[in-house]
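Only a predicted model underlies this, so the values are computations on that prediction, with no experimental measurement involved.
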Amino acid sequence: YLGVPMTQGQPRCADFYDVMDKIQSRLAAWKSKLLNKAGKLCLVKSTISSILVYSMQTLWLPQAVCNRIDQACRRMLWAKSDSSRFWSPVSWDVVTQPMMLGGLGVREARRVNVSLLGKLIWDLLIAPQKPWVHILNSIYLHGDSILCAQNRRGASPT
């Protein structure tokens with residue numbers, strides 16, 4: 001289980017409310033006035049990457065969930081403790097660029113989700129000897145390639 005929401009059918013935003021609340025509570029536990037910008041950046045990177053990695057490895061998160069995660073990151077990074085409104089001195093596109101390109105290295109939720117699911121697709125294509133690949137291949141693909149797979153009614157969202 002490892003904290004992955006158990007869903008029936010396609011995941012919905014409501015399935016991830018507890019995960020988003022967990023992120024909010026973890027970020028809210030730290031007083032933003034006690035941390036400098038570098039501390040806030042470190043907190044955002046470590047909190048988001050550790051809480052959502054299991055969910056993102058197996059489920060395609062709805063776009064609204066990804067937007068709320070990114071919004072929580074922006075708010076923690078730029079907001080002052082006395083107000084809910086904030087002004088960001090740099091665009092989000094710059095913040096999410098790698099440090100080598102002048103950004104802050106914060107990873108966008110949608111990009112992380114795509115990369116983790118892409119890793120699973122890679123395993124389905126390259127490593128058929130893995131037990132989980134063999135099981136999914138026999139149940140859903142019936143020997144076909146994952147690239148030819150079709151969404152069947154009643155199939156697992158995974």
If the condition is side chain to side chain contact (heavy atoms under 4.5 Å, CB included), which residues does Cys42 pass it with, not counting sequence neighbours? none
Would you please name every residue forming a side chain to side chain contact (heavy atoms under 4.5 Å, CB included) with Leu147, sequence neighbours left out? Leu125, Ser145
Are Leu120 and Ile139 joined in one hydrophobic group, where the rule is that I, L, V, M, F, W and Y side chains link up if heavy atoms are under 4.5 Å apart? yes
Side chain to side chain donor-acceptor pair (under 3.5 Å): which pairs involve residues 123-133, sequence neighbours left out? Asp123-Lys130
Run the side chain to side chain contact (heavy atoms under 4.5 Å, CB included) test against Gln97 and tell me which residues pass, sequence neighbours left out. Leu101
Contacts satisfying salt bridge (charged side-chain N to carboxylate O under 4.0 Å, His left out) that involve residues 135-150 (not counting sequence neighbours) are none
In the structure I gave you, are the side-chain heavy atoms of Leu35 and Met76 within less than 4.5 Å of one another anywhere? yes
For a quick test of your reading: what N or O donor-acceptor pairs under 3.5 Å do the side chains of residues 109-117 make, sequence neighbours left out?
unit_1 : atom_1 : unit_2 : atom_2 : d
Arg110 : NE     : Gln63  : OE1    : 3.1
Arg110 : NH1    : Leu61  : O      : 3.1
Arg110 : NH1    : Asn113 : OD1    : 3.0
Arg110 : NH2    : Leu61  : O      : 2.6
Arg110 : NH2    : Gln63  : OE1    : 3.4
Arg111 : NE     : Glu108 : OE1    : 3.2
Asn113 : OD1    : Leu61  : N      : 3.0
Asn113 : ND2    : Met56  : O      : 3.0
Asn113 : ND2    : Leu59  : O      : 3.0
Ser115 : OG     : Arg111 : O      : 3.3
Ser115 : OG     : Val112 : O      : 2.9

Which atom pairs, one a donor and one an acceptor, fall under 3.5 Å between side chains of residues 19-29 and the rest of the protein, sequence neighbours left out?
unit_1 : atom_1 : unit_2 : atom_2 : d
Ser25  : OG     : Asp21  : O      : 3.2
Ser25  : OG     : Lys22  : O      : 3.0

Go through the steps for Leu124 and Asn137 under the test side chain to side chain contact (heavy atoms under 4.5 Å, CB included), then give the verdict. CA-CA 8 Å; Leu124 283 167; Asn137 194 5; 5.5 Å; no
Got a sec, which residues hit side chain to side chain contact (heavy atoms under 4.5 Å, CB included) with Val95, two or more places apart in sequence or on another chain? Leu77, Trp78, Val90, Trp92, Leu104, Val106
Minimum heavy-atom separation for Gly102 to Val94, with atom names? O-CG1, 4.3 Å
